[in-house]
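Throughout, numbering of the chain's residues begins at 1 and tracks the sequence. Values below: all heavy atoms of this structure, side chains included; hydrogens, waters and symmetry mates excluded. Indexing begins at 1, ligand by ligand and atom by atom, following the structure's order.
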Amino acid sequence: MTLLVVGSVAFDAVSSPRGKVDRMLGGSATYFSVAASYFTPVQVVGVVGDDFGEEHHSVFTERKIGTEGLERVPGKTFFWSGEYNADMNERTTLDTQLNVFASFQPKLPPHYRKSPYLFLGNIDPELQSLVQGQMEAPTLIAGDTMNFWIEGKRAELEKMLRGLHAVIINDSEARQFSGEYNLLKAARAIRALGPSTVVIKRGDNGATMFREKEVFCAPALPLEEIFDPTGAGDSFAGGFMGYLASRGAAAQGSEENDFRRAMIYGSVMGSFTVEKFGLERLRQLSREQIDARFQQFQRLVQVD
Ligand code: AMP
């Protein structure tokens, strides 16, 4: 089942207590697609500049991710820079340069429009809506956003959220968007807009899923060393959506257990990403390692 993702493809500069990297491949669509590619065929839609080389392109092709929708235009690729201190759940954005994203108008190749699964990664909500509107008969559309857009494009964001089946969002952003500190209330406010599933990511406190009849909590794997949390949220979303697409799950009427397992696969992919800088760890996995870690997660919460 094909999974389409639109989002940022970026160069990131990251500093954390474990080190510093001045320029590496990142972006919401990149983390998402690499994570999801272990579960289902993925196609990426985005834009890069002429500083995007073959070594960057190969990160997608080595995972057999379709790049027909990855436009290359003159200019510089999106750039983001962030810093983490001891509390890795908190990050400071030092710089955001939209560059080629500033004039991007995503246009889906005709066969991409038939894709049953779509993830709208964190980019300008107007662009997210533009892609949403081009889909022919989507089974499940999920999306993410961040403070940058909640502050800058609130009305456009609300419009986009109304067209989603599932929202996968950070706790701080769920609170900021809804004005509710309590996460049950925040999730209810977001569900009231239309999405039947709301997943709230809480960094190393795990993630919680809110659906009509249930609340499900996935833990985060206790790790001694976290190198770089960047992309953990997108990798979570990639594991979550990738697994659901591999099961052919729909927003409603599917097995609740598929959604629960998707929560654990999301947590598994996020836990790998933070173990090294950038995409280094995520790129090198096997399905066996992923399934072994899935079982490790199951043992974390199993009781008789
Ligand atoms: P996360 O999974 O939330 O840690 O996402 C990290 C990725 O989001 C980084 O690789 C950045 O390149 C990308 N990013 C940061 N800010 C933005 C933004 N305003 N729009 C789109 N992508 C962004």
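Side-chain contact, Ser8 with Ser28: a donor N or O sits under 3.5 Å from an acceptor N or O. Of the N and O atoms on the side chains of Tyr181 and Asp171, not one donor lies less than 3.5 Å from an acceptor on the other residue. Under 3.5 Å, the side chains of Tyr31 and Thr230 contain no donor-acceptor pair of N or O atoms. Looking only at atom types and distance, the side chain of Gln289 has no donor-acceptor partner in the side chain of Gln284 under 3.5 Å away.
For ligand 1, the atoms lying closer than 4.0 Å to a non-hydrogen atom of Phe148 are 19 (N). Near Gly233, meaning under 4.0 Å from one of its heavy atoms, ligand 1 places the atoms 2 (O). Less than 4.0 angstrom separates some heavy atom of Tyr31 from each of these atoms of ligand 1: 10 (O). Numbered from 1 in the order shown, with element, the atoms of ligand 1 that lie under 4.0 Å from a heavy atom of Ser8 read 13 (C), 21 (C), 22 (N), 23 (C). For ligand 1, the atoms closer than 4.0 angstrom to any heavy atom of Gly231 are 1 (P), 2 (O), 4 (O), 5 (O), 6 (C). Less than 4.0 angstrom separates some heavy atom of Gly26 from each of these atoms of ligand 1: 10 (O). Set against the non-hydrogen atoms of Ala10, the atoms of ligand 1 under 4.0 Å away are 12 (O). For ligand 1 and Met146, the ligand atoms under 4.0 Å from any heavy atom of the residue are 16 (N), 17 (C), 18 (C), 19 (N).
Between Glu256 and Arg211 there is a salt bridge, since a side-chain N of the basic residue sits under 4.0 Å from a carboxylate O of the acidic one. Using a cut-off of 4.0 Å between Lys/Arg side-chain N and Asp/Glu carboxylate O, Glu255 and Arg247 are scored as not salt-bridged. A salt bridge links Arg293 with Glu275: the closest approach of a Lys/Arg side-chain nitrogen to an acidic carboxylate oxygen falls below 4.0 angstrom. At a threshold of 4.0 Å, the pair Arg113-Glu136 does not count as salt-bridged, since none of the basic side-chain nitrogens sits closer than that to a carboxylate oxygen.
Geometrically, ligand 1 and Arg91 share a nitrogen or oxygen pair separated by less than 3.5 Å. By the 3.5 Å distance cut-off applied to N or O atoms, Gly27 is counted among the residues near ligand 1. Among the atoms of Asn122, some N or O lies under 3.5 angstrom from an N or O of ligand 1. Checked against a 3.5 angstrom limit, the closest N/O atoms of Asn170 and ligand 1 fall outside it. Not a single N or O atom of Thr230, backbone or side chain, sits closer than 3.5 Å to an N or O atom of ligand 1.
Atom 10 (O) of ligand 1 has Asp12 OD2, 2.4 Å as its closest protein atom, hydrogens excluded (heavy atom only). Taking atom 7 (C) of ligand 1 as the reference point, the nearest protein heavy-atom neighbour is Asp234 OD2, 3.8 Å.
When non-hydrogen atoms are compared, ligand 1 lies under 4.0 Å from neither the backbone nor the side chain of Phe101.
The two atoms that bring Met1 and Thr40 nearest to each other are O-OG1, 2.6 Å, heavy atoms only. Smallest separation of non-hydrogen atoms from Ser267 and Phe297: CB-CE2, 3.5 Å.
Ligand 1 has at least one atom lying under 4.0 Å from a heavy atom of Trp149. Residue Phe11 places no heavy atom under 4.0 Å from ligand 1.
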Could you please spell out the steps behind the ring pair (Phe, Tyr, Trp, His ring centres under 6.0 Å) verdict for Phe39 and Tyr265? CA-CA 10 Å; Phe39 301 89; Tyr265 274 116; 5.1 Å; yes

